[in-house]
Amino acid sequence: MTAERHEFQAEVKQLLDLMVHSLYSDKDVFLRELISNASDALDKRRFQRLTGALPSDEGDLAIELVPDATARTLTIRDSGIGMSRGEVVKNIGTIAKSGTKEFLAAAKAKATEGSPELIGQFGVGFYSAFMVADRIELVTRKAGEETATRWMSTGDGAYEIETAERDQPGTTITLHLKPTDEEHGLNDFTSAGVITEVVKRYSDFVAYPVKLGEKTLNSMKAIWDRPKSEVTDEEYKEFYKHLAHDWTDPLRTIPVKMEGTIEAYALLYLPGRAPFDLFSPEMKRGVQLYVKRVFVMDECKELMPSYLRFVKGVVDAHDLSLNVSREILQKDRQIAVIKKQLVKKVMATLDEMKRDAREEYLGFWSNFGGALKEGFLEPGGDQEKLLDLLVAATTHESTTTTLGEYVSRMKEGQDTIYVLTGGNASTVRRSPLLEGFTAKGFEVLLFSDPIDEIWLDRELTFQGKAIKSIGRGNVQPGTEEERKAAEEQHKDMSELMVCLRAAIQDDVKEVRLSSRLTSSPACLVADAHDMTPRMQKLLEQLGQAPEKARPILELNPSHPLLPKLKAVFAADSLDPRLAASARLLLGQAHLADSGTLPDPATFATALDEVLLRALA
Ligand code: ADP
């Protein structure tokens, strides 16, 4: 049978192009990537044997490296699960990772600037072999199938695929090596010395023998059940890279040992950067489950809450059955206890980082804060602990703060943590709603992530203090008495308010005076239990049609406009200037709130009317 020629998916072509011309200095890592893939495939095969899904008498589980200096090839052979023809096309011909396009565009730009390190961030797996090889041949046979598949490519945009033979299930990858060029990181990968060194450095802990001839190169010691004192930082880091297919160092390594009623070991990692697809539902979640060193499953959701889905690692639970299914895991009490412990450990690590390494913590927060905030919405999440980890922008200087620090700065008698949400960091910082609070010396926390609208809506408390948005209800700066006194004082304006409201009654719930403002004439607030205008917009963007909640228009009694309006009203309560002013003030308040007008035409007409009068 002749070989079929297939074009690679466009993204793969670009990626290959990057690899073939790669300036990435650490080219040795290709071997780590291929050994990791082989080790994953062996995990799957071993698991299927142990659970009876495959016969158990089919030879050793191992990875063999076969260099050939004359032919200038390096062959990596594993007796893992193998791939069917369809799987080869899917796994080696396409990339499913979301965010790939964006990544490739960025990587290309960086590479032309001479900074090729971005590819390391993406964790390019199999394709990294094209950094060292100009032709790759892969022969694979899936366990349980009779025929094998051969795949060949020179990395130039297409590959060939045909039916082949292989004695046993598994995968053989033959790399036709580029000429050695040590200056550019291209070592001689047919040299036993080079291979041994690279395997020891990157893949020592792989659970299967990595063999070169008769010799096994790796120690095969599982890293997670060794005492912390016996494992070097370097080893922990390499294990992370192997596990996460990430080429950058982890931010923190968290070994966990549980003894007593439940026996389990875990090794967790906080990655150094957010994956490109952190907010995509297809993101590969982080924790693998082992039972007494036998791999059981990937992406074990039951061990880590969704808001910590970026945590990578392995959990080895000694008392579970190998046959455990996802359904069983969901109900398993042991798993629930382990999960709780793991979350506690991660939280403690974050807490310590926040306290002792603030800069690093801020970096962590900018990567993963968005995911952590989802924890506020998750039932059973430890809200108080999560709030303690929160970092937010604040009106107190132009920096960021934690809630603990906010509370320590609260004014005498202040019982509320004030917050404000907005469409983006700069509009929220300039919101007129802040004026009264800052003038009176109250600090306000500023939020501009879409998710902030949602969790802040829940009115959580922190250290017994209510967290309230100053953009809704009657949250006004100052004490209860001050508010009462102001209301009294504003009584004589109430008829004017009714008159202004009449002009815009379809668009607002109420027009009232405010003590939030000092220099702006108007602002919008949501009624205590209504959605904020931005929340409505967010739901609309999500394809929902929330019932329109009309906002409240608040006016600033100390603004010079107010006495003028009052005088016009006193002279003639039907003066058309009153209605035009109401529309303009409403438009202005919308602009300050979101930067957009819900009804630009009406605003423009009112503006014309007022301009004409002013110029008359
Ligand atoms: P990643 O390992 O990050 O998923 P790769 O491009 O390295 O990405 O590999 C893509 C997929 O191809 C793997 O997820 C796996 O399903 C399959 N694969 C790669 N190498 C092997 C192998 N040696 N044996 C079986 N399957 C493999």
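Note that ligands are numbered from 1 as they come in the structure, with each ligand's atoms numbered from 1 the same way. Heavy atoms only: backbone and side chains are in, while hydrogens, waters and symmetry mates are out.
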Notebook entry, point to check: Between OG1 of Thr196 and NZ of Lys215, what distance do you get to the nearest 0.5 Å?
Noted result: 5.0 Å

Next item on the list: Give the numbers and elements of all ligand 1 atoms closer than 4.0 Å to a heavy atom of Gly125.
Entry: 7 (O)

Notebook entry, point to check: With backbone taken as N, CA, C and O and side chain as the heavy atoms from C-beta onward, which portion of Leu34 lies under 4.0 Å from ligand 1: side chain, backbone, both, or neither?
Noted result: neither

Notebook entry, point to check: Does ligand 1 have any atom that is closer than 4.0 Å to a heavy atom of His245?
Noted result: yes

Checklist line | Ligand-residue contact atoms, ligand 1 with Phe126, heavy atoms, under 4.0 Å | finding: 5 (P), 6 (O), 7 (O)

Note to self: Tell me whether the rings of His6 and Tyr159 are parallel (<30°), tilted (30 to 60°) or perpendicular (>60°).
What the structure shows: parallel

Next item on the list: For the residue pair Thr73 and His176, confirm or rule out a side-chain donor-acceptor distance under 3.5 Å.
Entry: no

Next item on the list: Test side-chain contact (heavy atoms from CB on, under 4.5 Å) on Tyr236 and Phe239 and set out the steps.
Entry: CA-CA 5 Å; Tyr236 275 138; Phe239 183 66; 5.7 Å; no

Check: Is there any N or O on Asn37 that sits under 3.5 Å from an N or O of ligand 1?
Finding: yes

Check: Does Asp78, backbone or side chain, put an N or O under 3.5 Å from an N or O of ligand 1?
Finding: yes

Margin query: I need the atoms of ligand 1 closer than 4.0 Å to a non-hydrogen atom of Ala41, numbered in the order shown.
Written below: 24 (N), 25 (C)

Check: Should Ile328 and Leu320 be marked as a side-chain contact (heavy atoms from CB on, under 4.5 Å) after you check the CA-CA gap, both sets of side-chain angles, and the distance that decides it?
Finding: CA-CA 10 Å; Ile328 295 176; Leu320 279 183; over 6 Å; no

Next item on the list: Under 4.0 Å, heavy atoms only, figure out whether ligand 1 is touched by the backbone of Asn91, its side chain, both or neither.
Entry: both

Check: Are the charged groups of Arg293 and Asp225 less than 4.0 angstrom apart, N to O?
Finding: yes

